[in-house]
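Everything below concerns the one structure shown next.
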Amino acid sequence: MFGKPEMIPAAGAPAVVILHHGGGCLGSQTPQYAKALNAAGYVPLEPCLFTSVQSRSPSTVTYLPQVFGALRFLAQLPFVDKTRIGITGGSYGGVLSLVSATDWAYKTHGDQDFPRFAAHAPFYPPCY
């Protein structure tokens with residue numbers, strides 16, 4: 001998650017789950033966003049949901065357990081403020097960022113012991 005030990009933030013840091021596009025996590029642009037957010041004091045997490053278009057599930061909701069698992073993981077880190085965890089993504093990741101904001105997604109895949117995502121920033125999600 002972090003390149004160097006000195007990049008681990010102080011307690012109470014905000015965090016962001018960054019979701020890749022529909023082409024998969026290999027060759028994604030998300031690492032540059034993670035580096036910039038980390039430099040700004042955020043704890044970034046980039047889950048690899050699938051590696052390529054060929055390995056992608058046809059349904060975005062298939063990945064909601066992983067999305068909420070990322071929230072759960074970050075919320076348990078001692079240096080992360082669990083009330084300040086956001087989510088963002090572009091294209092396919094944008095759809096997941098948007099869907100994760102719904103009551104249905106939180107009730108179905110979230111964990112009632114942890115807060116919801118504090119912010120959702122979907123970028124150019126496809127509309128079906």
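Predicted model, so just to flag it, every value in this text is computed and none were measured.
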Any disulfide (SG to SG under 2.5 Å) pairs touching [range], not counting sequence neighbours?
range	value
residues 76-121	none
residues 33-119	C25-C48
residues 55-122	none

Under the side chain to side chain donor-acceptor pair (under 3.5 Å) test, residues paired with T102 that sit two or more places apart: none
When rounded to the nearest 0.5 angstrom, what is the spacing between [atom1] in [X] and [atom2] in [Y]?
X	Y	atom1	atom2	value
K35	T30	NZ	OG1	10.5 Å
H109	Q66	NE2	CD	11.0 Å
K82	L71	NZ	CG	10.5 Å
L74	Y42	CG	OH	13.5 Å
L45	I87	CG	CD1	10.0 Å

Would you name the heavy atoms of [X] and [Y] that are closest together and state the gap between them?
X	Y	value
H120	S97	ND1-O, 3.0 Å
H21	Q29	CD2-OE1, 2.9 Å
G94	P122	O-CB, 3.2 Å
V95	P125	N-CB, 3.6 Å
F117	V67	CZ-O, 3.8 Å
P47	H20	O-CD2, 3.6 Å

Hphob cluster co-occupancy, I85 + F79, side-chain heavy atoms under 4.5 angstrom: yes
E46/Y33 under side-chain contact (heavy atoms from CB on, under 4.5 Å): CA gap, chis, key distance, verdict: CA-CA 10 Å; E46 307 170 62; Y33 302 141; over 6 Å; no
Backbone N/O of G22 and side chain of R56: donor-acceptor pair under 3.5 Å: yes
Heavy-atom donor-acceptor pair, S52 side chain to G24 backbone, under 3.5 Å: no
Please list every donor-acceptor pair under 3.5 Å in which a side-chain atom of residues 12-19 meets a protein atom from a residue at least two apart or in another chain.
none

All salt bridge (Lys or Arg N to Asp or Glu O under 4.0 Å) counterparts of D103, not counting sequence neighbours: R116
Check against side-chain contact (heavy atoms from CB on, under 4.5 Å), L96 and V99: CA-CA 5 Å; L96 283 165; V99 172; 5.6 Å; no
Side chain to side chain, N38 and V43, heavy atoms closer than 4.5 Å: no
Parallel, tilted or perpendicular, as decided by the 30° and 60° cut-offs, for the rings of F50 and Y63: tilted
Ring centroid separation F68 to F114 under 6.0 Å: no
